Amino acid sequence: MPPKKSKDRPEPKVEVPDGDPAAGRDVFDANCSACHAFEGDAKSSSAPPLGGVFGRKAGTTAFPYSKAMKGSGVTWSHKHLFKYIENPSKYIPGARMAFAGLASEKERADLIAYIDS
(Lines give C-alpha, C1' and ligand atoms only; values in the text may rest on other atoms or scores of the structure.)
Protein backbone atom coordinates (compact mmCIF):
# COMPACT_ATOMS: atom_id res chain seq x y z
CA MET A 1 0.00 0.00 0.00
CA PRO A 2 1.44 3.45 -0.87
CA PRO A 3 2.18 5.82 2.02
CA LYS A 4 -0.51 8.28 3.04
CA LYS A 5 -0.12 11.70 1.53
CA SER A 6 0.59 14.39 4.05
CA LYS A 7 -2.16 16.94 4.53
CA ASP A 8 0.37 19.49 5.72
CA ARG A 9 0.22 22.69 3.72
CA PRO A 10 3.67 23.76 2.53
CA GLU A 11 5.10 27.10 3.55
CA PRO A 12 4.14 29.87 1.13
CA LYS A 13 6.94 31.21 -1.04
CA VAL A 14 7.12 34.63 0.57
CA GLU A 15 9.69 36.63 2.47
CA VAL A 16 8.41 38.17 5.69
CA PRO A 17 10.09 41.54 6.29
CA ASP A 18 11.47 42.35 9.72
CA GLY A 19 8.78 43.99 11.78
CA ASP A 20 8.63 46.37 14.72
CA PRO A 21 6.86 44.80 17.72
CA ALA A 22 5.90 48.22 19.17
CA ALA A 23 4.21 49.21 15.91
CA GLY A 24 2.70 45.72 15.77
CA ARG A 25 0.99 46.29 19.09
CA ASP A 26 -0.79 49.29 17.56
CA VAL A 27 -1.85 47.13 14.58
CA PHE A 28 -3.08 44.42 16.99
CA ASP A 29 -5.01 46.92 19.11
CA ALA A 30 -6.65 48.46 16.04
CA ASN A 31 -7.46 45.26 14.14
CA CYS A 32 -7.33 42.16 16.34
CA SER A 33 -7.94 42.89 20.01
CA ALA A 34 -11.72 43.12 19.71
CA CYS A 35 -11.76 39.34 19.23
CA HIS A 36 -8.30 37.91 19.97
CA ALA A 37 -6.29 37.74 23.17
CA PHE A 38 -3.01 36.01 23.96
CA GLU A 39 -4.39 33.87 26.80
CA GLY A 40 -7.77 32.76 28.00
CA ASP A 41 -10.40 30.10 27.65
CA ALA A 42 -10.52 29.19 23.97
CA LYS A 43 -13.94 27.52 24.39
CA SER A 44 -15.72 30.65 25.57
CA SER A 45 -13.85 33.33 23.61
CA SER A 46 -14.97 34.88 20.33
CA ALA A 47 -11.67 33.95 18.66
CA PRO A 48 -8.80 31.60 19.49
CA PRO A 49 -5.99 32.85 21.73
CA LEU A 50 -2.82 33.84 19.87
CA GLY A 51 -0.30 33.06 22.60
CA GLY A 52 1.99 30.28 21.38
CA VAL A 53 0.46 30.31 17.91
CA PHE A 54 3.74 29.78 16.04
CA GLY A 55 4.42 26.08 15.60
CA ARG A 56 0.81 25.14 16.42
CA LYS A 57 -1.38 23.34 13.90
CA ALA A 58 -4.37 25.39 12.83
CA GLY A 59 -7.63 24.36 14.46
CA THR A 60 -6.14 22.51 17.42
CA THR A 61 -7.08 24.56 20.50
CA ALA A 62 -10.40 24.18 22.33
CA PHE A 63 -11.92 26.95 20.19
CA PRO A 64 -14.78 25.70 17.94
CA TYR A 65 -13.02 26.10 14.56
CA SER A 66 -14.60 25.68 11.15
CA LYS A 67 -13.99 22.46 9.22
CA ALA A 68 -11.98 24.54 6.76
CA MET A 69 -9.57 25.72 9.46
CA LYS A 70 -9.28 22.27 11.03
CA GLY A 71 -8.54 20.73 7.64
CA SER A 72 -6.28 23.48 6.33
CA GLY A 73 -3.04 21.60 6.97
CA VAL A 74 -1.45 24.81 8.21
CA THR A 75 1.10 24.80 11.00
CA TRP A 76 1.35 28.45 11.92
CA SER A 77 4.61 30.09 10.96
CA HIS A 78 5.56 33.66 10.15
CA LYS A 79 5.09 32.90 6.44
CA HIS A 80 1.65 31.29 6.82
CA LEU A 81 0.39 34.08 9.08
CA PHE A 82 1.83 36.74 6.74
CA LYS A 83 -0.24 35.35 3.84
CA TYR A 84 -3.29 34.50 5.95
CA ILE A 85 -3.77 37.96 7.44
CA GLU A 86 -3.43 39.53 4.01
CA ASN A 87 -6.77 37.96 3.03
CA PRO A 88 -8.01 35.28 5.44
CA SER A 89 -10.98 34.07 3.37
CA LYS A 90 -8.79 33.64 0.31
CA TYR A 91 -5.97 31.82 2.11
CA ILE A 92 -8.30 29.40 3.92
CA PRO A 93 -11.66 29.41 2.09
CA GLY A 94 -14.49 28.52 4.44
CA ALA A 95 -12.74 29.75 7.59
CA ARG A 96 -15.00 31.93 9.72
CA MET A 97 -12.71 34.81 10.71
CA ALA A 98 -14.69 37.97 9.97
CA PHE A 99 -11.74 40.11 8.96
CA ALA A 100 -11.08 41.53 5.50
CA GLY A 101 -7.31 41.44 5.92
CA LEU A 102 -4.30 43.75 5.99
CA ALA A 103 -2.91 44.75 2.61
CA SER A 104 0.13 46.52 4.04
CA GLU A 105 3.21 44.27 4.18
CA LYS A 106 4.71 46.54 6.84
CA GLU A 107 1.64 46.27 9.10
CA ARG A 108 1.57 42.49 8.67
CA ALA A 109 5.30 42.21 9.48
CA ASP A 110 4.88 44.49 12.51
CA LEU A 111 1.90 42.45 13.74
CA ILE A 112 3.83 39.18 13.39
CA ALA A 113 6.78 40.69 15.28
CA TYR A 114 4.41 41.71 18.09
CA ILE A 115 2.69 38.31 18.27
CA ASP A 116 6.10 36.62 18.37
CA SER A 117 7.52 38.94 21.05
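Since we're looking at a predicted model, the values are computed, not measured.
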Within the 4.5 Å heavy-atom criterion, are [X] and [Y] side-chain neighbours or not?
X: Val14; Y: Glu86; value: no
X: Thr61; Y: Arg56; value: yes
X: Phe54; Y: Asp116; value: yes
X: Asp8; Y: Pro10; value: no

Nearest atoms (heavy-atom pairs only) where [X] meets [Y]:
X: Ala95; Y: Ser66; value: CA-OG, 3.5 Å
X: Pro21; Y: Gly19; value: CD-O, 3.6 Å
X: Pro48; Y: Tyr65; value: CB-OH, 3.1 Å
X: Ala68; Y: Gly94; value: CB-C, 3.4 Å
X: Leu102; Y: Arg108; value: O-NE, 3.0 Å
X: Arg9; Y: His80; value: O-NE2, 3.4 Å

If you count heavy atoms of other groups shown closer than 6.0 angstrom to NZ of Lys57, is the number above 12?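 For Lys57, atom NZ is crowded (more than 12 foreign heavy atoms under 6.0 Å).
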
Heavy-atom count around Arg25 CZ within 6.0 Å, excluding the residue itself: above 12?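 No.
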
Excluding sequence neighbours, so at least two apart, what forms salt bridge (charged side-chain N to carboxylate O under 4.0 Å, His left out) with Lys106?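 Listed in chain order: Asp110.
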
Quick one: do Met69 and Ile92 satisfy side-chain contact (heavy atoms from CB on, under 4.5 Å)? Show the steps, please. CA-CA 7 Å; Met69 185 62 75; Ile92 302 178; 3.7 Å; yes

Show your working on side-chain contact (heavy atoms from CB on, under 4.5 Å) between His36 and Val53 and close with a plain yes or no. CA-CA 12 Å; His36 287 281; Val53 70; over 6 Å; no

Starting at [atom1] of [X], measure out to [atom2] of [Y] and round the result to the nearest 0.5 Å.
X: Leu111; Y: Asp26; atom1: CG; atom2: CG; result: 11.0 Å
X: Asn31; Y: Ile85; atom1: CG; atom2: CD1; result: 9.0 Å
X: Asp29; Y: Tyr114; atom1: CG; atom2: OH; result: 6.0 Å
X: Lys13; Y: Lys83; atom1: NZ; atom2: NZ; result: 12.5 Å

Can you classify the ring geometry of Tyr84 versus Tyr91 as parallel (below 30°), tilted (30 to 60°) or perpendicular (above 60°)?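 If you compare the ring of Tyr84 with that of Tyr91, the planes turn out perpendicular.
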
For Phe82, which of Ser77, Pro17, Pro12 qualifies under side chain to side chain contact (heavy atoms under 4.5 Å, CB included)?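 Among the candidates, only Pro17 passes.
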
May I have the step-by-step check of side-chain contact (heavy atoms from CB on, under 4.5 Å) for Phe38 and Ile115, ending in yes or no? CA-CA 8 Å; Phe38 283 92; Ile115 291 170; 4.2 Å; yes

